[in-house]
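Here the structure comes first, spelled out in structure tokens, and everything after it is commentary.
Letters go in sequence order (proteins before strands), and every chain restarts at 1.
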Protein chains: 2
Amino acid sequence: MEAVKNLDTSTRILNAAELLFIDHGFDGTSMRQITAAAEVNIAAVNYYFGSKDGLFQAVFERRAEPFVRLSLAKLTELEATPQANNPIAIAESFLSAALEMGSNPEYGGLVFVRLLARTYVEPRSILKEKIPQRYGELTRRYQDALERALPDLSSTEVAWRFHFMTSAMFNAFAGNHVLRLFTAQPMVNARDPQRVAQMLLPFISAGLTSPAAVQA
Amino acid sequence: MEAVKNLDTSTRILNAAELLFIDHGFDGTSMRQITAAAEVNIAAVNYYFGSKDGLFQAVFERRAEPFVRLSLAKLTELEATPQANNPIAIAESFLSAALEMGSNPEYGGLVFVRLLARTYVEPRSILKEKIPQRYGELTRRYQDALERALPDLSSTEVAWRFHFMTSAMFNAFAGNHVLRLFTAQPMVNARDPQRVAQMLLPFISAGLTSPAAVQA
DNA sequence: GTCTATATTCCGATAGAC
DNA sequence: GTCTATCGGAATATAGAC
């Protein structure tokens, strides 16, 4: 939680807020905690970001923007190869974008994945309006690619599988365990993202390419 | 959010608190909101549950207890049949326990799954001590059953797949979408749990039974 | 840009009458 | 068991000096 002194004020706030939001959620984090951790004045958040909501949005966008850019680039790259219609290769593109973010210190390293995992379960509807519209291209293009690669599935079924895939993925990286509610000793350890990805890939690949559900 | 008048006070509080916790999280819900929705006096929560933390614990346990009982019964039942070592049958047992909870009004219907999905991402460590110890049998027995059914996988890899499975499952039932952060128009709709289960099953089955990850 | 001081609201919890 | 009244503190936000 050490604030690095030779960064400007707004960056110090973003860094401190990001970690606190991840660990305690939006409602569980106060401006006082944030400004104390960032070693800036209490009034600085409002000066730079207008409000606590504005700060959260800025925290999120700082990570989301490069992630969206990176995963779209990965997909574009893939679509120029013969693997363009291989569903597993498409999943790997998405996974590797998250993984590269997670291993690039410039993008906050692993912090990014945990932030994403925290944000999407936040009850507040802070950024469920403006931001999603801007980034719609991400889901649209991956959904289209998966639909082409899985022609035997309805587009609804493809969307569900894309959803299952991302749920498993981000919760695994972020260390969110449902089962921890029922066991004192956690059974898995998410410390090494490369290892998590290795465990994820067979599960996701098989799940995506499984035959269509039998209609009721 | 209508409080049913002919229930006793503590039940009315539990019902109101459950819905509010699901929608706004623990920190996002105040005692005043709860008592207003339950149409009881502000002091009633402390009288019946001691504190806000105590209330949350009671809210969770009311649903967890029957769920654990039900899923263990399902597994015991399965283990008496020739399907005992079929990983897909084991997954179906777990899934159907959640599904039965979700369709039984006595257990709160769908509310239960949403509560579980909310609880396990709560940043607060409210119930991460006492309760998990009591329910450890659930994860232990399913983990053991899956290990027997998947002898080619290490127990670590089985644990990861169990984790992936539950992540996909509970987030799907609860309507938590990572992708909603990147798209204005949600692609899937979790309203009908039977339908969600139908989409889940092929994905989970294939994921569980996929060959082991290649060691790096 | 950074600070102090403060306005205003809401929080969880409890004392004590009935 | 239920109520009113209130305590003590912490929340976000801002006005205004420097």
Item to check | Nearest-angstrom distance from the residue atom NE2 of His24(A) to P of dA10(D) | outcome: 16 Å
Checklist outcome for this item: In whole angstroms, the gap separating P of dT2(C) from CG of Asn46(A) amounts to 14 Å
Checklist entry - Rounded to whole angstrom units, what separation is found between the CD1 atom of Ile42(B) and the P atom of dC10(C)? => result 13 Å
Checklist entry - Atom CZ of Arg12(B) and atom C1' of dG1(D): how far apart are they, to the nearest Å? => result 13 Å
Checklist entry - Once you round it to whole Å, what is the distance between C1' of dG12(C) and OH of Tyr48(B)? => result 19 Å
Next on the checklist: Tell me whether the rings of Phe203(A) and Phe203(B) are parallel (<30°), tilted (30 to 60°) or perpendicular (>60°).
Outcome noted: perpendicular
Checklist entry - Which nucleotide, dA13(D), dG12(C), dG1(C), lies nearest any side-chain atom of Met31(A)? => result dA13(D)
Checklist entry - With a 4.0 Å cut-off, would you call Arg114(B) and Asp23(B) a salt bridge? => result yes
Next on the checklist: Output the rounded distance in Å from CG (Asp27(B)) to P (dA11(D)).
Outcome noted: 11 Å
Next on the checklist: I want to check one thing: is the phosphate of dG1(C), taken as OP1 and OP2, less than 4.0 Å away from some side-chain N or O of Thr9(A)?
Outcome noted: no
Next on the checklist: What contact category does Thr29(A) fall into here, base, sugar-phosphate, or nothing, at under 4.0 angstrom with non-hydrogen atoms?
Outcome noted: sugar-phosphate
Checklist entry - Rounded to the Å, how far apart are Gln33(B) CD and dG12(C) C1'? => result 13 Å
Item to check | Residue Ala43(A), side-chain heavy atoms: nucleotide from dT2(D), dT14(D), dA13(D) that is nearest | outcome: dT14(D)
Item to check | Phosphate-side-chain proximity, Asn41(A) and dT4(C), N/O vs OP1/OP2 below 4.0 Å | outcome: yes
Next on the checklist: From NZ of Lys52(B) over to P of dA10(D), roughly how many Å is that when rounded to an integer?
Outcome noted: 16 Å
Checklist entry - How would you list, by chain and number, every residue that makes a side-chain contact (heavy atoms from CB on, under 4.5 Å) with Lys52(A), sequence neighbours excluded? => result Phe21(A), Phe26(A), Met31(A)
Item to check | side-chain contact (heavy atoms from CB on, under 4.5 Å) against Ser10(B), all qualifying residues, sequence neighbours excluded | outcome: Asp8(B), Tyr48(B), Phe49(B)
Item to check | Under 4.0 angstrom between Tyr47(B) side-chain N/O and dC3(D) OP1 or OP2 | outcome: no
Next on the checklist: What contact category does Phe49(A) fall into here, base, sugar-phosphate, or nothing, at under 4.0 angstrom with non-hydrogen atoms?
Outcome noted: nothing
Checklist entry - Looking at Ser30(A), does any N or O in its side chain come under 4.0 Å of the phosphate oxygens OP1/OP2 on dA10(D)? => result no
Checklist entry - Parallel, tilted or perpendicular: which describes the rings of Phe94(B) and Phe170(B), with under 30° parallel and over 60° perpendicular? => result perpendicular
